[in-house]
Amino acid sequence: MAIVFDRPKSLLDVTLSYCPGCTHGIVHRLVAEVMDELDIQGKTVGVAPVGCAVMAYDFFACDMIQAPHGRAPAVATGIKRAKPDNIVFTYQGDGDLAAIGTAETIHAATRGENITIIFINNAIYGMTGGQMAPTTLPNQVTQTTPYGRDVDSAGYPIRVCELLSTLDGVALAQRVSVDSVKNVNLAKKAIKKGFQNQIDKKGFSIIEVVSTCPTNWGLTPVEAVKWLQENMLPYYPLGVYKDGEKGDRLK
Amino acid sequence: MAIVFDRPKSLLDVTLSYCPGCTHGIVHRLVAEVMDELDIQGKTVGVAPVGCAVMAYDFFACDMIQAPHGRAPAVATGIKRAKPDNIVFTYQGDGDLAAIGTAETIHAATRGENITIIFINNAIYGMTGGQMAPTTLPNQVTQTTPYGRDVDSAGYPIRVCELLSTLDGVALAQRVSVDSVKNVNLAKKAIKKGFQNQIDKKGFSIIEVVSTCPTNWGLTPVEAVKWLQENMLPYYPLGVYKDGEKGDRLK
Amino acid sequence: MAERFLMKGNEALAEAAIQAGCRHFFGYPITPQTELAAYMSKKMPKIGGTYLQAESEIAAANMVLGASAAGVRAMTSSSSPGISLKTEAISYMAGSDVPALIINVQRGGPGLGGIQPSQADYWQATRALGHGDFHILVFAPATVQEMVNLVSTAFDLGDKYRMPAMILADGMLGQMMEPVELPEATETQAAPKTWAVDGHEFKRERNVVNSLYLTPNDLESRVKARFERYENIKQTEQRAEEYLTDDADIVVVAYGASARVAHSAVDLARAQGIKAGMVRPITLWPFPTNIVQKVAKTAKQFLCVEMSMGQMIDDVKLSINCSKPVNFYGRTGGIIPTPAEICEEIKILEGAK
Amino acid sequence: MAERFLMKGNEALAEAAIQAGCRHFFGYPITPQTELAAYMSKKMPKIGGTYLQAESEIAAANMVLGASAAGVRAMTSSSSPGISLKTEAISYMAGSDVPALIINVQRGGPGLGGIQPSQADYWQATRALGHGDFHILVFAPATVQEMVNLVSTAFDLGDKYRMPAMILADGMLGQMMEPVELPEATETQAAPKTWAVDGHEFKRERNVVNSLYLTPNDLESRVKARFERYENIKQTEQRAEEYLTDDADIVVVAYGASARVAHSAVDLARAQGIKAGMVRPITLWPFPTNIVQKVAKTAKQFLCVEMSMGQMIDDVKLSINCSKPVNFYGRTGGIIPTPAEICEEIKILEGAK
Amino acid sequence: MSLNMVIAGFGGQGILFAGKIVAYSGLIDGKEISWLPSYGPEMRGGTANCSICISDKAIGSPLVTTPNVFIAMNGPSFDKFINSVEPGGIVIVESSLINKKVERDDVKVSYVPASALAEENGLKGLANIILIGKLFKEFGFSSEEALYKAVEKCVPAKKAHLIEANKKALELGMNS
Amino acid sequence: MSLNMVIAGFGGQGILFAGKIVAYSGLIDGKEISWLPSYGPEMRGGTANCSICISDKAIGSPLVTTPNVFIAMNGPSFDKFINSVEPGGIVIVESSLINKKVERDDVKVSYVPASALAEENGLKGLANIILIGKLFKEFGFSSEEALYKAVEKCVPAKKAHLIEANKKALELGMNS
Amino acid sequence: MPKIIIRENVCKGCEMCVNACPKKIIALSIQRINEKGYHPAELLDESACTGCTSCAIMCPDCAIIVER
Amino acid sequence: MPKIIIRENVCKGCEMCVNACPKKIIALSIQRINEKGYHPAELLDESACTGCTSCAIMCPDCAIIVER
Ligand SMILES: Cc1ncc(C[n+]2csc(CCOP(=O)(O)OP(=O)(O)O)c2C)c(N)n1
Ligand SMILES: Cc1ncc(C[n+]2csc(CCOP(=O)(O)OP(=O)(O)O)c2C)c(N)n1
Ligand code: SF4
Ligand code: SF4
Ligand code: SF4
Ligand code: SF4
Ligand code: SF4
Ligand code: SF4
Ligand SMILES: [Mg+2]
Ligand SMILES: [Mg+2]
């Protein structure tokens, strides 16, 4: 009998700071598994965001840096330009990537910066206690949309993959989820492709993971998965939005 | 005999600070003509950017405010939220709107902020002496791309209308040019629609004007128009990218 | 006496702003000020006001610039890292003579730092909330009630002098509950904002809100005029509270959260027979130089107590022209000092004297 | 003697950085520093370096944070409004103990202000380049040659002390041409950056670059350790130039562009029989307290000359414990004072004495 | 005598709410009071604590570092604070969740199996209030009238039906 | 004697380049020198000016506010600077573009129709250099050798074929 | 025979595994509380486990090891 | 008869009107220089002007008034 499933080596054996049942943990494991499988832990530098994943620097076994809120793609750009042989990834939430970090995200993408971005879309600011995120659904109740997100005053959710796939620097823009075994496996494939693209110097790869925040959604982890399936997936359809190589539209 | 063409009243009779033959001047006139025709000068507040149009506050006859570089959409949002009955427009260059102001642009758009944005895409930072802009074409020589824009290191140009038209808050995203009499007339129609949308509370309107910068392109004004036609228009196709009302995809 | 409520400092700040006529709040979430925004998001829609969660602190500050320029009372709030991001816009507000209320519920720094209370943004608040020559009004409440009171003062004086004002609070004041009396909703009595950009309707000259002056002479005279206003403010708007200073040999200078602790420490010291007293600056800009000066006539030495590595100490020294020793005791990184440790410091200084 | 070239200050800064081993420049255009970036964009591709025009000053500063953290010498440059935008990132660099070079070619403020030379960001540079308790090294060159020399010093000391360093220049120094000798390209002799995040390759412990310490005690001890380093730097790295101070009754204190003018003014005053002298701070942080103190023993009074409303004056007063009168003469908004007007001021003060 | 109290336990045990009732009682009696929660990421991790002061004089630091009253609602909190209690202070231990004993002999300790009591009496979730009742008995931090009024004030309008249960819990605590 | 010079005119007249040649001449002679352009949006508006100092001593402010040499290449510049020239200073007026006369009598004025001269001599675009030649005659700001060397240094490699024309322009100016 | 090992002190009692197991053979322990204060998951019927790894794949805390 | 009036001191001599006129009847004055230092545009053949406004539409400085 053999161990067929265990914690990947690239994930340190420490308690993750996430709430019980938070899917951040699943995505961490997938990233670490990919690092193991591609054998890149030794040359990878991860960039932790400001958000629930801020302490990712304590979880991944590679070198890590903690970036100012929203600026992870810029920090990653600096690292990658300094040391092009390193593998550089960021791990960011929706507030981090799609609100304060919008410019950094769009420009790293349009530059075709050869980095990999793991983007956790949980439709909320988890870390700060559940405020509206750019991806909060219409009518969704959060701490700062107590009567539900009123699109007339708070605006419409941003669909990040749709937005980024208009940019020529993007190699991969794929939306996945970790709400089921099948989807976790698909998510892992996408993440692996994101890193492989970087190794192959194809350009900017982003994997958007539709995720849960049981704590701030006020649901149990299992209820949260169901809410995700019923509410988020229709608004954020899973799929590949762009898959190729930077600049291929222009060739 | 009657005067069939004269300076619009909403444009003050002062010397524009633009270089000879710079199309900023044409667009200024169009905006002023639209203000006259819609009879809105008295309730309009314009937001001047940082860029060659910074002194637009000296040119338009309506109330004006000068915003920090890139932040005009945020400043406009503040004004519009404070005084919803005012008509608020911003007038921004490509550096202002699509580089440093990326986040403010995208978010005003996705909020469906009921404002009108006039966006001058001249593929360069005019005011500061001709550096690369986000819209500088591949291989275009600028002060900071002395060997031509190398997309591998400096990235790909951003196509703003394509990008913004993925957002649900946008009512109008149209790309026009002022390179010919016909296109000037089309541009004016688009600008008028942008303001009319605001009056009709339809959401966010942006009119991208493909423009020249003879000075920093190192061409005469007439050569510059030709360069625009031959180089910019193929990369930035004119047309309507979105025309409707905010949220109509979701209805 | 009006009814006393128990309110969190952050919520009291929000409610006080509403009472002072503010109907436009633009913010971005950050600990430890989130309750302020949450309160606004609940209240504003009910009273026809605007709560807008911006895409960033920068956007929020610029929305305030726009809304204030259009003539309404507008505000934003954040905590230390978020305030750094607002500095360009604050410099623009100052340079455009636009009032606004900015709240900093300070936390430990530098960088991401921590989320516990701190007073390490004193220099930023009093000297460099952005580039260029300018100041803004800075108020340092020490109780939840004082937060309420100073919010309307900040709005009033900001309007009066056409300049931004800051409430420099901290995580402790923001998070704690204390009894407060809320003022009656006061109608704004400020002079009409004839300079506002809200459409001239052909009834007045067009207005321009601007900070660009390409001719150095123009810019210099603008700045100098502003500094004359500042001189006037320095003469008239200094505020501080004195506690047992009359006969004090050693005078603690502390503001905000650390002043509360220092107050207890002074009591402890008095109980041990030490003639201790305290000056508590309520305005940090203008710094209450006059009061500190007056106290320096009788005090033998000063002790600055701050939740930082020592930033206010310069202002105390400069106020008294370095005429008496000014000592320092501070904790940083989110640690609130205890009365006992401050009292210990007082005792050491008394002994050392 | 090596060949002397005529070079613009901005270009000299760029070339000096390259000579000092910097191969990573991240910037965003702004007057009056554009020539620096333009020079980099020409040179870097030819020597295998990186010139990257970022989407904003914020992005540029964060790219520097990333590149420096990965172990290379990296830099950014801007002018006043752009520096305000970099403050959050600078606070992070300080809080993460990451070196970096930041250049501020100052212009008039506040707000958009003007584009002519200014020194009104002194307070920001020396006290509050962001939130929280920290300092960075600040150098104030007065000639193009000194810009060249201080760039490599800034890199070296930044690496040595693991902290960011700033060259505080201004539009005049950036735009003017003067003769310069360029140093031989010097190989970086700094200690290996064992803390850098560039892949552990299983050969060392993994590195983490971080400024978050959620436990106040951890954060406090980090900050205190940093301030001990600062104390050491204050003892060893103060720099200033003295001019005719030995017998001077009145000592002008001025740095950078205004020091050049003041130098001429001192000559004018001497020619009129007034015993004037000058101290020119070369480091603004640490401020050359020791030298000013020494001079204060013989000088009767001081005159701070700044292209601002007076920001360095506090440091002069504090340096000498307010023991002598410290006067101020300044121009702001982009105006460069003339030697004559400063000399006039010296004469008035001598008379008033 | 002033009250300088710490109440600590898991998030979800109603720590902050219990503290608020104590604070409000003091307020109603016209005292100076302060209430300060611990905040920050550890709230997520599961621990929560709260400092409450009631005094006749203005309150200095609202952060209580040497409490004269400590209510411990779980093991980690018990460990964290037990040694900081002032000599002569009062300690109340939720003994259905904490099976340790206080080793100091300079404090007055009560062991209340509040969760079990709550369960038995159909007051699930009100262990916190039972402990406040006990505290009231041990240390009259306010008038009884004020305490009951405080409950009425603090229970949100939407949950008004729970006021009686809360009062019952108080009594249970007082008599435990 | 030190040179404190202002040269001013339209953008495009080679103001900065002319200034650079003067500066380089001083450099080659081993003097202290400074060169400071006016910069900013007025460059766009069409006017340009430049301050040049050559001295034996370290140069204080490189911004020349009271020049002892002033070369005026257009009307607006003439008006702007003419009254700031030091008494006894030298003024050179590009008289094919400026048809005003200097009204002060405490300065030494030369009128040189430099554009016309340039045109006539097949030296289009070198009016600026002609004026420098004239200045050299009026005020020997450097050795003649240095001046010619400076031309060689300042003309960019790509335009090396223009060196001779520049030298010719200098001579034309010297003899005008 | 396939089996799973639940690292009891790592488990946060979130029930993601419970929900994921096709055999419905995982449940939270009612009795036990781990160091962190959670009721950990436990395998009810060891013999029914197919070693399919579904539970482990859905566990956010890597608390489950699968042997086959 | 249609005609255009060129506000000479507003003109910057950019030739956009010259290029736009379908009748090719505008040119920059070789002789005159305006206040700003530019050679202003002038109408060469008044009789040929159709008043089509093309020149005015393309003028960035509102220097042309068209009467018809
Ligand atoms: C400049 C700045 N602004 C705001 C914050 C406060 N802050 C911390 S986390 C966070 C939001 C995180 O939300 P998200 O990125 O969606 O991540 P999640 O916690 O949901 O995983 C914010 C606003 C900060 N630390 N710095
Ligand atoms: C914060 C800040 N960064 C940079 C600048 C400098 N700046 C002035 S204009 C400009 C670029 C303008 O280019 P664009 O927006 O394309 O307008 P254009 O001049 O081409 O019309 C820049 C970077 C500034 N004033 N403020
Ligand atoms: S707050 Fe939400 S996103 Fe953050 S760890 Fe908890 S469940 Fe996950
Ligand atoms: S620099 Fe370019 S964009 Fe700016 S005014 Fe001149 S021509 Fe127009
Ligand atoms: S391995 Fe499969 S069958 Fe076994 S417990 Fe896990 S989910 Fe159930
Ligand atoms: S999924 Fe993991 S953490 Fe959650 S209950 Fe199962 S074993 Fe425990
Ligand atoms: S109106 Fe038409 S025809 Fe007349 S000059 Fe203008 S472009 Fe030519
Ligand atoms: S287009 Fe206008 S500014 Fe240009 S030349 Fe013609 S009239 Fe003059
Ligand atoms: Mg989120
Ligand atoms: Mg542009």
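Values in this document were obtained by computation on a predicted structure and should not be read as measured data. Below, chain A is the first sequence line, B the second, and so on; all start at residue 1.
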Inspect the surroundings of NZ in D/K42 and state if more than 12 heavy atoms from other residues, nucleotides or ligands are less than 6.0 Å away. no
Of all heavy-atom pairs between A/I79 and D/G66, which one has the smallest distance, and what is that distance? CG1-O, 3.4 Å
Can you confirm whether A/E104 sits close enough to D/S56 that some side-chain heavy atom of one is under 4.5 Å from a side-chain heavy atom of the other? yes
How about D/L52 and A/R111: do any of their side-chain heavy atoms sit closer than 4.5 Å? yes
Proximity breakdown for D/A59 and chain A, heavy-atom pairs closer than 4.5 Å: both
Minimal non-hydrogen separation, A/A82 against D/H24, with atom names: CA-NE2, 3.3 Å
Given a strict heavy-atom distance threshold of 4.5 Å, which part of D/V208 is in contact with chain A: side chain, backbone, both, or neither? both
Can you give me the closest heavy-atom contact between D/R206 and A/C62, atom names plus distance? NH1-O, 3.2 Å
If you take all heavy atoms of A/D63 and D/A196, which pair is closest and at what distance? OD2-O, 3.7 Å
What part of A/V47 lies closer than 4.5 angstrom to a heavy atom of chain D: side chain, backbone, both or neither? neither
Report the option among A/T44, A/V88, A/N86 that has the most heavy-atom pairs separated by less than 4.5 Å from atoms of chain D. A/N86
Report, as yes or no, whether the 6.0 Å neighbourhood of atom NZ on A/K188 holds more than 12 heavy atoms from other residues, nucleotides or ligands. yes
For D/E88 versus A/H69, what's the shortest heavy-atom pair and its separation? OE2-N, 4.4 Å
When every non-hydrogen atom of D/Y92 is compared with those of A/V50, the smallest separation belongs to OH-CG2, 3.9 Å
Looking only at heavy atoms and a cut-off of under 4.5 Å, which of D/V98, D/N207, D/T50 has the most pairs with chain A? D/N207
Ranked by heavy-atom pairs below 4.5 Å to chain A, first place among D/M63, D/E205, D/K203 goes to D/M63
Measuring heavy-atom distances to chain D, does A/D85 have an atom under 4.5 Å in its side chain, in its backbone, in both, or in neither? neither
Could you give me the CA-CA distance, side-chain angles and deciding distance for D/V209 and A/Q66, then say whether side chain to side chain contact (heavy atoms under 4.5 Å, CB included) is met? CA-CA 6 Å; D/V209 170; A/Q66 196 289 313; over 6 Å; no
Report which part of A/A67 has an atom under 4.5 Å of a heavy atom belonging to chain D: side chain, backbone, both, or neither. backbone
Short side-chain to backbone donor-acceptor contact, D/H200 and A/A61, under 3.5 Å: yes
Could you check which of D/L65, D/D198, D/V64, D/V72 has the highest count of heavy-atom pairs closer than 4.5 Å to chain A? D/D198
Which of A/R81, A/K43, A/M55, A/K80 touches chain D most, by non-hydrogen pairs under 4.5 Å: A/R81
A side-chain contact here means heavy atoms from C-beta on lying under 4.5 Å apart; do A/Y57 and D/L212 qualify? yes
Given heavy-atom pairs under 4.5 angstrom as the criterion, report whether the side chain, backbone, both or neither of A/K83 touches chain D. side chain
